[in-house]
Every structure is written in structure tokens, then in C-alpha cells.
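As C-alpha cells, the structure follows; a few thoughts come after it.
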Amino acid sequence: MKYLIIGGVAGGASAAARLRRLSEDAEIIMFEKGEHISYANCGMPYYIGNTIEERKRLFVQTPVSFGNRYDVDVRTLQEVTAIDREAHTVEVKNLRNGKTYTEDYDILLLSPGAEPVIPELPGIHSEKIFTLRSVSDCDKIKMQAVESLHDNAKAVIIGGGFIGLEMAENLHKIGYQITVVEKANHILTPVDEPIAAIAEKHLRDKGVELITGNGISSFEENGEQLTVCLEDGQKLTCDLAVLSIGVRPNTALAEAAGLEIGRGIKVNEYLQTSDERIFAVGDAIEFPHPVTGIPYCNFLAGPANAQARIAAMNMVYPESVVYQGSVGTAIAKIFDLAVASTGLNEAALQRAGLAYETVIVHPAAHATYYPGSTPMSLKLNFSTEDGTIYGAQAIGMQNIDKQIDTISLLLKHHGTIFDLVNSEHTYAPPFGSAKSPVMFAGMVAENIFAHLMKPIHVKQLDEMIDNKEDFFLLDVRELPEYKNGTIEGATRYSVDELREFLEEIPEGKKIVVFCEVGLRGYVASRILMQNGFEEVYNLIGGMRTYRLTGKHNYNVQCTMYKNLFTDH
């Protein structure tokens, strides 16, 4: 059997290795139009920032070492330019000498990857504007970053996604002043605003300038520098710019061959294209999302590796393994923080028309009585119909990957918030808490699902304040916390003393309760609900979330309420 593979890296190289392990007798040829077949894309920002000091450490295998180990005919700098499906041949151009030739196949695997989105804007082709997708891109950025570095060197990162922010950190590390421009209203669009807001604050604390809700209109070269012109008229002068606004599936070859294309190359559950002799994997394919069933493209190395293994199995043993799809589990380091996500954010849930609720908790990474514990924030999106987990996001300094990996595994198997509550985790004070963060988030979600608590979110509360609705806002924190700032119009009664002041709470009004992170607010809401107050709502995420995203946070004036400065 003769297998041809178009494209290397996570998809193509992994499939070639698996094919050889399954069939020692197969003829395997891999075409790669670049020089390298197996390298660490995700490590490139850290090489640019000198965290990874040696360039050679980015390469998992060289074409020679891979070919020797797996007995694969590796042909680099050779681009497949056409597929003849009837003849079962491909046309190949040797980029070294410009000559073309054909190669026949029994089974063909496409792993062409994705290409950076480059908008047609004036000045976009300046040599001071870079994308980061290949080793060649990495080398160019590294060279320019070294040549342009001076005491007041500036870089503009266009796009506030995971890769853009990794580049921001690493260019900042080697001495650049950084501005990140993001057209959306917040950075990190795969996550929801409350989690993104924490990352934004951290970046600003590190000296990174953020411009959100603003796009690029054009670029202008001014001698040794570049001017980035924004849609609102602002102009940013820099020494280099990195364009990181996303990628699109590279489908040109498949489309020219007449394969079925959506946003990406359409494949079935066996990763076959519309031609049963042609398989496809990696960034170029689309496959129904496991939660929504809507065709979805995923641009991550993990799913590409998994797809490669499955495709290789099905190429040797037809229809033997089913691909279950990807929920898009990802993580990034942003200075001292890690931010991770899995599944669907609120925007995706709204587009899919799914009924959902969301909770935000702020637990510690491990037992607080053990030294070194740091806070994290975890957001969970779930179905209001049956409690199915839809997605989650987390940010913090420790154990973030553990929380999201746990939820991702449940999400892939259609798990529910009740599975989170019943989950079991390793526990010792240096590593966690008796109630893990994911278990805690599940408990809060379960309370909402069981109608033990009515949630209200920051935006909903702000709308109530803006519309001057007649409601009672109750801060149940302690006096020192209250003095450090509250929400406009709030009255304070400590949760521990609340039962003594029930007569002070107005009847017949909607009551919104809040504390610092939500737990005391829940306790207070249960006290009120069981004492005859019907419309009681607890602010999800508490004051910690409101400070970052709310509009009516302010410092308390000492004369505001007559009962503020008595220790009830």
C-alpha cells in the first residue's frame, strides 16, 4: 500500500509515524513545502524572548532523523500543487530546482494546516510587520527584534489572542515597550469578559498598554520606524509590529481537487473527505462541535495529533476508529498568570441558541493555611435544562491547567455539573483543598439549578442601577471591607448579624445581595429566602468580579449611612 502525506508538523508527521508503526511494509512519502517537518510552533515566542536559548531545541525531529527512524521518504521544499482524484496522482513542484513531477497513491492524507489572516490594508506588506506561523517567521521576528532593540524600542501586537499575548510578554522581556491592539471589546476572545478583565489588569500592571474596541486602518513607514494607524485616528509609532488576528484553514489544494469544503475541509467521523481515498487532519479541517453539532475549526496542536493517530488507523484498518471532535481546550502563559479555556464561551452559546447559566468562583489554588497559596478565578457555563457542562475558563498563578483539563474531560463525555460535584480529586495542603475548585464551581451551579439561589450577574446589576429600578442592594461583608469600596447605593449588614436586622430589610422589593466572592452572599440569600423574602438574588463572583467589570464601584463616604460605623 502506498500512502502520500501532504504537510508535516503535528498532523502529517504524527500520521506518518503512526502509519509506519501499523504497517512495516507500507510505502510512505511525506511532502513538505518548507524546510522543516517537526517543530514546536508553540515554543517559538519563547525562543524570541530568550527563554528557550537554543534554536535547535524547537525541532522535535529533523527530516533525516525522522526518515531514518520511521523509514519515511521525507521530501522537504517540495510543494504538492494539484491532486488528480481520478488518476490517483498528485503533481509536485520541487522548490529547489523548479521542476515538477507526479506521484501516484493508494491513500492520500492532507495536512496543509492554516495560514495567517492578513487583511488588505494600506501598508500591510511592510517588512516591519510580521506573522508567526513557521520557523521562517520566527527567525525573521527574532532578527528584527535584535536589530531594532534600543532604549526606547516599541512593538505593537495586533490581536489580543493567546499567541499575541505570548508575543507581548516575550518582546517585553527582551526590552520592548508593548502596545496590544484588539478590535473586540476585550482581549482573549475565547474567554468571557470577567476572566479577560483579570488578564487585562495584570498586563497593565506589567506596563503593557492595551487598546480594545479599536481596529487598524493602515500602516505607514517612516524611515526606521512604522506608524500603525487605528480606526479612531490614533497613531502608534513602533519599531516592529506582529499581526496576530487569527488564522484560516488552508483549503486551496483540496478545493481545487473538488473536495467538499465548508469553512474548512469537510471530513466524516473517520476523518475521510468527500473522497474515500483522501483523509484530512489538523487546522485545515472542519468537524461538528461535540456540544453544538455545528461545523467547527480548531487550530490547536493537541487535536491535530489525536486526529493524525485516528486517521492513520482508518487508513490501514478502514472505519476502525471514530473521531469524537474537539472542544478547544487551550492554555497560555501571560507573565505571572496562566489563562485557560475549554468548550463554549457565552458568545458561542448565544450564537448556538442554547439556554445557559454561568457561575464565577474565586477559590485558592491550594489550602490557604499552607504557605504559598494564590487565588484563581474559575468560570463555568452550563445548561439550564439538564446541567450539561458547556464550557469553562480559569485564570491564576497555580493549578489552572488541572482545573480546565478536568472539566474538558467531562465536557468531551457530555458530563454535567452534578459530575463536578461528585468528582474526586487528590488532596493534600500543598496541592489543593478538600473541595477542589471544579467541585466548588459545580456546587454553586447545582445550587442555582436546584433553585436554592437566584443568580444575578454584573451586567444585569448595572442595568438595574442605570434604569433606576426599585430594588434593595445589600452588602453583607465586614465593615473594613465595606470601607474599602462598595457598589453605589448599597446598605451594609454583616452576614453574621443579618438575622438581627431582618426588620430593616424592605419587604416586597427585589433584594440583591453581594459579598467579596459570593459565598457569604449565598449564605445571606438563604437566610432571607427562608425568612419570607421571595425575590432575593446573589451577585455571581461578588465584589471581586464587580471591581473589574462593573460600572458603579466607588469608595464609601463616612457619612453615607447612619449605621455604617457601628459594629453590628
Side-chain angles (χ1 to χ4, degrees), residues 159-162 164-165 180 182-204 210 212-213 246 289 291-292 294 296 298 327-332 334 337-363 375-384 387-396 400-401 403-404 406-408 410-411 417 420 437-438 440-442 444-445 448 455-463 514 517-518 538-551 553:
F162 284 1
L165 296 183
V180 176
E182 170 57 57
K183 189 164 186 176
N185 291 329
H186 63 77
I187 62 170
L188 295 170
T189 53
V191 308
D192 295 317
E193 185 181 10
I195 299 298
I198 298 169
E200 289 179 352
K201 181 180 185 303
H202 185 64
L203 284 162
R204 290 188 172 105
L210 297 179
T212 57
H289 193 282
V291 176
T292 66
I294 297 171
Y296 167 67
N298 183 275
V327 294
T329 305
I331 190 168
I334 304 173
L337 296 180
V339 59
S341 66
T342 187
L344 304 175
N345 61 12
E346 291 196 55
L349 287 166
Q350 289 164 11
R351 287 195 299 269
L354 295 172
Y356 72 94
E357 186 52 81
T358 182
V359 299
I360 305 170
V361 295
H362 303 285
M376 70 170 66
S377 295
L378 173 62
K379 187 173 187 290
L380 177 69
N381 300 332
F382 62 96
S383 167
T384 54
T388 296
I389 299 167
Y390 282 154
Q393 305 140 29
I395 188 168
I400 297 304
D401 53 344
Q403 315 312 319
I404 294 301
T406 300
I407 295 174
S408 173
L410 284 170
L411 200 161
I417 58 175
L420 290 177
V438 298
F440 185 38
V444 176
I448 294 173
I456 188 169
H457 299 279
V458 169
K459 285 186 177 180
Q460 293 171 321
L461 177 56
D462 278 342
E463 287 173 3
F514 68 94
V517 297
N538 185 26
L539 180 64
I540 297 299
M543 198 66 195
R544 188 171 296 178
T545 297
Y546 194 90
R547 284 192 197 97
L548 291 165
T549 60
K551 298 193 298 184
N553 177 38

**Q.** Electrostatic pair Lys459-Glu346, nearest N-O below 4.0 angstrom
**A.** no
Q. So, are Lys379 and Asp192 salt-bridged, with charged N and O less than 4.0 Å apart?
A. yes
[atom1] of [X] to [atom2] of [Y]: how many Å apart, nearest 0.5 Å?
X	Y	atom1	atom2	value
Gln350	Leu344	CD	CG	11.5 Å
Ile360	Asn381	CD1	CG	9.0 Å
Leu337	Leu203	CG	CG	8.0 Å
Ile294	His289	CD1	NE2	9.0 Å
Gln460	Leu539	CD	CG	9.5 Å
Leu420	Gln403	CG	CD	10.5 Å

Work out which heavy atom in [X] is nearest to a heavy atom in [Y]; give both atom names and the distance.
X	Y	value
Ile400	Ala338	CG1-O, 3.8 Å
Val180	Gly160	CG1-CA, 4.0 Å
His362	Gly541	NE2-O, 3.2 Å
Ala197	Leu548	CB-CB, 3.9 Å
Glu182	Gly161	OE1-N, 4.4 Å
Ala445	Phe382	CB-CE2, 3.5 Å

I'd like to check [X] versus [Y] (side-chain heavy atoms, cut-off strictly below 4.5 Å). Are they in contact?
X	Y	answer
Ile448	Val359	yes
Leu461	Tyr546	yes
Ile195	Ser377	yes
Val327	Ser408	yes
Thr212	Glu200	yes
Met543	Arg547	yes

Q: Check the surroundings of atom CG in Asn185: do more than 12 heavy atoms from other residues, nucleotides or ligands lie under 6.0 Å from it?
A: no
Reference residue [X]; test side-chain contact (heavy atoms from CB on, under 4.5 Å); the match among [options]:
X	options	answer
Tyr390	Asn345, Thr292, Leu349	Leu349
Leu410	Val438, Ile389, Ile417	Ile389
Phe162	Ile334, Val339, Ile331, Ile187	Val339

Q) What's the verdict on side chain to side chain contact (heavy atoms under 4.5 Å, CB included) for Ile404 and Leu378, showing C-alpha distance, side-chain angles and the deciding distance? A) CA-CA 9 Å; Ile404 294 301; Leu378 173 62; 4.3 Å; yes
Q) Under 3.5 Å, side chain of Thr358 to main-chain N/O of Leu380, donor-acceptor pair present? A) yes
Q: Walk me through it: do His457 and Glu463 pass the test side chain to side chain donor-acceptor pair (under 3.5 Å)?
A: CA-CA 10 Å; His457 299 279; Glu463 287 173 3; over 6 Å; no
